[in-house]
Undergrad: 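Below are the structure tokens for one structure; questions will follow.
Computed from a prediction, not measured in an experiment: that's the story for all the values here.
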Amino acid sequence: MLQNTLILGFFSISAFQDYRNRKINIYFLLTGGIIGLLFHLYSMELSIIEILLGMEIGMMILFFGLWSGGSVGRADGMILVVSGIFLGFEKNVEVFVMGLFLAGITSLFLSVIRRKGRTYRIPFAPFLLAGYLFVMVME
């Protein structure tokens with residue numbers, strides 16, 4: 001219960017910051033990661049391997065962002081690193097895939113109905129929040 005509350009708060013604040021400012025405070029992300037690690041040191045819900053694998057998803061997004069010249073925001077990768085600490089590999093992949101799906105549907109709507117061009121950027125953190133909520137409801 002505490003873990004769900006912590007990660008929901010983390011995703012909610014990240015989504016709000018991303019939607020409003022198009023950037024997320026790096027200190028907030030670092031604090032979220034530290035809290036996640038301390039939580040797992042206390043509760044031992046996930047193994048170290050599961051935490052590292054969960055973090056790897058975000059690390060791959062960070063690498064892709066660097067490789068592609070910034071087409072993916074660094075904060076999006078950092079959010080997935082932190083959520084991997086809390087959720088582990090499987091749930092973090094589910095959240096990421098659901099977030100991508102919802103962002104894709106929204107992008108399709110914006111490009112077809114609203115006639116937004118390829119350069120129009122949408123914040124991704126709100127879709128990760130929605131993906132998390134969807135995964136938790138389906139659990």
Undergrad: Enumerate the residue pairs fulfilling salt bridge (Lys or Arg N to Asp or Glu O under 4.0 Å) with a member in residues 39-62, sequence neighbours excluded, ordered by first and then second residue.
TA: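 As it turns out, there is no salt bridge (Lys or Arg N to Asp or Glu O under 4.0 Å) pair with a partner in residues 39-62 once direct neighbours are skipped.
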Undergrad: Heavy atoms only: give me the nearest Ala130-Leu102 pair and the separation to one decimal.
TA: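 That would be CB-CD1, 3.6 Å.
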Undergrad: Are Val137 and Tyr132 connected, step by step, through hydrophobic side chains (Ile, Leu, Val, Met, Phe, Trp, Tyr) whose heavy atoms are closer than 4.5 Å?
TA: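 No; Tyr132 is not reachable from Val137 via cluster members.
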Undergrad: To the nearest 0.5 Å, how far apart are CD1 in Ile79 and CD in Gln17?
TA: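 Between atom CD1 of Ile79 and atom CD of Gln17 there are 8.5 Å.
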Undergrad: Starting at CD1 of Ile24, measure out to CZ of Arg74 and round the result to the nearest 0.5 Å.
TA: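 Spacing of CD1 (Ile24) from CZ (Arg74) equals 12.0 Å.
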Undergrad: Return each pair, listed once, that meets salt bridge (Lys or Arg N to Asp or Glu O under 4.0 Å) where at least one residue sits in residues 3-26; pairs must be two or more places apart or across chains.
TA: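 Residue pairs with at least one partner in residues 3-26: there are none.
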Undergrad: Please set out all donor-acceptor pairs under 3.5 angstrom arising from side-chain atoms of residues 86-99, sequence neighbours excluded.
TA:
residue, atom, partner, partner atom, Å
Lys91, NZ, Glu139, OE2, 2.4
Asn92, OD1, Ser83, OG, 2.5
Asn92, ND2, Gly54, O, 2.9
Asn92, ND2, Leu80, O, 3.0

Undergrad: Side-chain heavy atoms under 4.5 angstrom apart, residues restricted to Ile, Leu, Val, Met, Phe, Trp, Tyr: same cluster for Ile13 and Phe16?
TA: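 No, it is not one cluster - the side chains of Ile13 and Phe16 are not joined through contacts under 4.5 Å.
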Undergrad: Answer yes or no: are there more than 12 heavy-atom neighbours, outside Met59 itself, under 6.0 Å from its atom CE?
TA: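 At most 12 heavy atoms, drawn from other residues, nucleotides or ligands, come within 6.0 Å of this atom.
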Undergrad: Given the rule that I, L, V, M, F, W and Y join up when any side-chain heavy atoms are under 4.5 Å apart, are Met78 and Tyr19 in one cluster?
TA: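 No; Tyr19 is not reachable from Met78 via cluster members.
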Undergrad: Under the criterion side-chain contact (heavy atoms from CB on, under 4.5 Å), I'd like the reasoning laid out for Thr106 against Leu110: C-alpha separation, chi angles, the key distance, then a yes or no.
TA: CA-CA 6 Å; Thr106 302; Leu110 289 172; 4.0 Å; yes
Undergrad: Rounded to the nearest 0.5 Å, what separates atom CG in Leu66 from atom CD1 in Ile61?
TA: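 One gets 11.5 Å once the value is rounded to the nearest 0.5 Å.
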Undergrad: Spell out, yes or no, whether Ile35 and Ile51 are grouped together once hydrophobic residues are joined by side-chain heavy atoms under 4.5 Å, including indirect joins.
TA: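 Ile35 clusters together with Ile51.
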Undergrad: If a pair satisfies ring pair (Phe, Tyr, Trp, His ring centres under 6.0 Å) and one of its residues is in residues 23-52, list it, with sequence neighbours excluded.
TA: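 Listed by first then second residue: Phe10-Phe28.
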Undergrad: Show which residues join Ile34 in its hydrophobic cluster (side-chain heavy-atom contacts under 4.5 Å, direct or indirect), or state none.
TA: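 Leu38, Leu41, which link up through side-chain heavy atoms under 4.5 Å apart, make up the rest of the cluster.
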Undergrad: Give the minimum heavy-atom separation between Ser14 and Leu29, together with the two atoms involved.
TA: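 Distance-wise, the nearest heavy atoms are OG-CD2, 4.2 Å.
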Undergrad: Quick one: side-chain contact (heavy atoms from CB on, under 4.5 Å) partners of Ser12, sequence neighbours excluded?
TA: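 With sequence neighbours excluded, Ser12 shows a side-chain contact (heavy atoms from CB on, under 4.5 Å) to Leu8, Leu129, given in chain and number order.
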Undergrad: For Ala103, enumerate each residue passing the side-chain contact (heavy atoms from CB on, under 4.5 Å) test, keeping only those at least two apart in sequence or located in another chain.
TA: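 In terms of side-chain contact (heavy atoms from CB on, under 4.5 Å), with neighbours along the sequence ignored, Ala103 is linked to Ile122, Phe124, Phe127.
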Undergrad: So does Phe109 have more than 12 non-hydrogen atoms from other groups sitting under 6.0 Å from CZ?
TA: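 Check passes, neighbour count above 12.
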Undergrad: CE/Met55 to CE/Met60 distance, rounded to the nearest 0.5 angstrom?
TA: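 Atom-to-atom, Met55:CE and Met60:CE are 12.5 Å apart.
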